[in-house]
Amino acid sequence: MARSRSSTSGPWRYLNPAYYLKRPKRLALLFVVFVVATFAFWDRQSLVREYESEMTKLVDEVNRLQDQLRNVDGKPVKQSTIQQHYYTSDKMMSRDAVEIDSLSKERREKVKEAMRHAWNSYVTYAWGQDELQPQTKNGVNSFGGLGATLIDSLDTLYIMGLEDEFRKARDWVANSLDFNKDYEASVFETTIRVVGGLLSAYDLSGDKIFLDKAKDIADRLLPAWDTSSGIPFNRINLMHGRAHNQGWTNGDSILADSGTEELEFIALSQRTGDPKYQEKVENSMKQFKKILPSDGLLPIYINPHSGTASYSTITFGAMGDSFYEYLLKAWIQGNKTDTVKHYRQMWETSMEGLLTLVRRTTPSSFTYICEKTGESLHDKMDELACFVPGMLALGSTGYGPEKSKQILTLAEELARTCYNFYESTPTKLAGENYYFHSGQDLSVGTSWNILRPETVESLMYLWRFTGDKRYQEWGWNIFQAFEKNSRTESGYVGLRDVNTGDKDNMMQSFFLAETLKYLYLLFSPPSLISFDEWVFNTEAHPIKIVTRQSGTDSKVSSNPVVRPFGRKQGKIGS
């Protein structure tokens, strides 16, 4: 027979309020238990946050110790068959004659630790997602869920010798990366981050999974070039292949977005033996060559149907920048042969146009690059345009002695201005753009900083080409400003305002792909990713130089025996 549930006897009496009203001490005890439980609940989130923070620090420390153990006997850890070509950066650099001083080694290790912290934070809070939001400790899919930060970080992890981290990322690419998404992707961003990141990982490691994935995503992007002019649309649905342009451009394509795919698609054709990728981008370049004006400066909007330029701004900043960069780098990628000389010729024409935009401030004579609309010049320069000093330094060697000196001098003058973008603010971090008024040197326009790499990129190039250590000092100062203002317990964030230091909530994928990589190379020997053997895409992904001849281009083996670092010494110590 079932036992009755009396409210006045047995364990059920504890649910009867009368039980406590007759027993004040027990009522007091119940109240204490309630208060303790309430505070414990309130404090739970705080305890969880503290636990997560300590776990992140612990992971950082374990990885640091693993790095030390890898080099105890001067030999890299035994690799899996997948990573049979893998070496740590320190091991590879020991083969080179160039040594770096102890201060540079120390600084390089600090940058490496920063990369480890950024990476581990991404792994902990945003694994497999596009970008980390460090303040709220979660991930966001800013690029349709393509794992942008992970793919952007592959070559940085490899170059820094972070083997375990690289292998874990490689396994995610092999097992979890899926491009079959109903997502309107930016052709430009997907090419430079995803196609470029995968190709670079392939060129460095020789692991075919990266090439297979690069081919998959590139095949999904190709319909964007199916226009009457050959100049691509800038957005495409990855699942359905429908391409179009944004409404806010009135249907026009953007110059930088449409002319910054040559390196990746030419490289993909070379490595797969399939010419279709190269044909698409070189067909569009033929149209750009037709419409290139005598000063080499194209406005930022191009009609993809007629292939003609629309009335709009000319700039080396946002929406114009990397078009000019890729003219030079496509020439370098082909090893500067006659087959690719038209890229160099177009670039030199554009640099003559750039010289007409150069102005200097008073009283400090800072050199800057104006923007132009019609015949009107605007005394404004984006931080994005701070890639120009590095580009000029890289291209200066293709001129005769006198012109080379002029171009390199201009590069150094512009780099001084870009560094002062940082030095002029209370946080020592640069704003997004600057204005130059009569009688004033420079003033911040848009005051946010989103961890951009362009200035440190140029400092790295100039240090390699001149050997002047002031560029290392400037880079170190910028790195310290990032550490002071942008580092949090769970990654790095940008600033909403470089004057107040107010933080945002985003760790941009290019911080790991570009900013930290260029800083690391700034304190490394020039033979580490030598300019004689590698060319960087605009997302700082190094791509192997392959000599191009008339007729059929050289093809890279699908399973190359690749050295991460070249034997040549570069410009310093050669």
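In this chain, residues are counted from 1 in sequence order.
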L221 side chain reached by I236 side chain, heavy atoms, under 4.5 Å: yes

Donor-acceptor list for residues 286-293 side chains, cut-off 3.5 Å, not counting sequence neighbours:
from : atom 1 : to   : atom 2 : distance (Å)
Q287 : NE2    : G307 : O      : 2.9

Spatial distance of atom CG (N234) from atom CD1 (I254) [nearest 0.5 Å]: 5.0 Å

Side-chain ion pair, E412 and R470, N-O less than 4.0 Å: yes

E325/K329 salt bridge by N-O under 4.0 Å criterion: yes

Aromatic contact, H378 with F436 (centres under 6.0 Å): no

Carboxylate-amine/guanidinium contact R359 D379, below 4.0 Å: no

Residues R107 and D101 bridged, charged N to O under 4.0 Å: no

Heavy-atom donor-acceptor pair, S486 side chain to E483 backbone, under 3.5 Å: no

N420 side chain vs E423 backbone, donor-acceptor pair below 3.5 Å: no

Aromatic ring pairing F511/F482, orientation class (parallel under 30°, perpendicular over 60°, tilted between): perpendicular

K544 and V535, any side-chain heavy atoms less than 4.5 Å apart: no

NZ or CZ of R487 within 45° of F479 ring axis and under 6.0 Å: no

Pair H117 + Y492: ring centers closer than 6.0 Å: yes

Beyond-backbone contact of F465 with T397, side-chain heavy atoms, under 4.5 angstrom: yes

K403 and E348 ion-paired at < 4.0 Å: no

Cation-pi, F531 ring and R464 (6.0 angstrom, 45 degrees): yes

Salt bridge flag under 4.0 Å for residues E514 and R452: no

Aromatic ring proximity, centroids under 6.0 angstrom, F316 and F387: no

Lys NZ or Arg CZ of R496 over W448 ring: under 6.0 Å, within 45°: no

Side-chain ion pair, R235 and E184, N-O less than 4.0 Å: no

Atom NZ of K110 with >12 non-hydrogen neighbours under 6.0 angstrom: no

